[in-house]
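As the structure is a prediction and not an experimental result, all values here were calculated from the model.
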Amino acid sequence: QVQLVESGGGLVQPGGSLTLSCVASTIFTLNVMGWYRQAPGKERERVAIINVDGSTNTADSVKGRFTISRGNAKNTVNLQMNNLKPEDTAVYYCNAFLTITDSQYWGQGTQVTVSS
């Protein structure tokens, strides 16, 4: 099993920045880690993912503003969010894929609110 814990959410003004962090508890290497978000009344969408080789894929809606990266420790991932917009308001979830179990895992979510 894998436990994911997110942190770094909060309230920020439009144009501001936040950094989200996720720490995964597992002895295995997580092949893919990423961030998803879900706004009120909306379905969950993928924001960005990062593979074990460091390659990334970022959604068009946040491209150029958000950057995903792996942390210093194994099985950690960060999301640097710049130039935040009100439409970025959502609960952000950390996600990971573990090959050995062929399963995806989810964190509990962290709230990001962009408002003046």
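A cation-pi contact, defined as under 6.0 Å to the ring centre and within 45° of the axis, is absent between Arg37 and Tyr93.
Side-chain contact between Val77 and Ile50: present, with at least one pair of heavy atoms (C-beta onward) separated by less than 4.5 Å. Looking at Tyr105 and Met33, their side chains never come closer than 4.5 Å, going by heavy atoms from C-beta outward. Within the 4.5 Å cutoff, side-chain heavy atoms of Val47 are placed close to those of Leu79. At least one side-chain heavy atom of Pro14 sits under 4.5 Å from a side-chain heavy atom of Pro86. Thr110 is not listed as a side-chain neighbour of Val91, based on a closest heavy-atom distance of 4.5 Å or more. Contact check for Leu20 versus Asn78: no side-chain heavy atoms found under the 4.5 Å cut-off.
Going from atom OG of Ser115 over to atom CG of Leu84 covers 12.0 Å, rounded to the nearest 0.5 Å. With rounding to the nearest 0.5 Å, the separation of CE in Met81 from CG in Leu18 is 4.5 Å.
No donor-acceptor pair closer than 3.5 Å links the side chain of Ser61 to the backbone N or O of Ala59. Distance alone, capped at 3.5 Å, is enough to place a donor-acceptor pair between the Asn75 side chain and the Phe28 backbone. When atom types are taken as modelled, the side chain of Asn51 and the backbone of Asp53 share no donor-acceptor pair closer than 3.5 angstrom.
There is a side-chain donor-acceptor pair under 3.5 Å between Gln108 and Glu6. With no hydrogens or angles considered, no side-chain donor-acceptor pair links Glu87 and Thr89 at under 3.5 Å. For Ser116 and Gln13, the side-chain atoms include no donor-acceptor pair closer than 3.5 Å.
Minimum heavy-atom separation, Lys63 to Thr58: CE-O, 3.2 Å. The shortest heavy-atom contact between Gly9 and Val112 is CA-CG2, 4.2 Å. Between Asn95 and Gln104, the shortest heavy-atom distance links the atoms ND2-OE1, 2.9 Å. Minimum heavy-atom separation, Asn72 to Thr76: N-OG1, 3.9 Å. The nearest pair of heavy atoms linking Ala48 to Ile68 is O-CD1, 3.6 Å. In this structure, Leu98 and Asn31 approach most closely via the heavy-atom pair C-OD1, 4.5 Å.
Using a 4.0 Å cut-off between charged side-chain N and carboxylate O, Asp88 and Lys85 make no salt bridge.
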Passes ring-ring contact (aromatic ring centres under 6.0 Å, His included), Trp35 versus Phe66? Steps please.
CA-CA 11 Å; Trp35 290 93; Phe66 292 10; over 10 Å; no
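Neither Tyr36 nor Leu30 shares a network with the other; the hydrophobic side chains, linked directly or stepwise wherever heavy atoms of I, L, V, M, F, W or Y lie under 4.5 Å apart, form separate groups for each. Grouping the Ile, Leu, Val, Met, Phe, Trp and Tyr side chains by contacts below 4.5 angstrom, directly or via other members, places Leu4 with Ile100.
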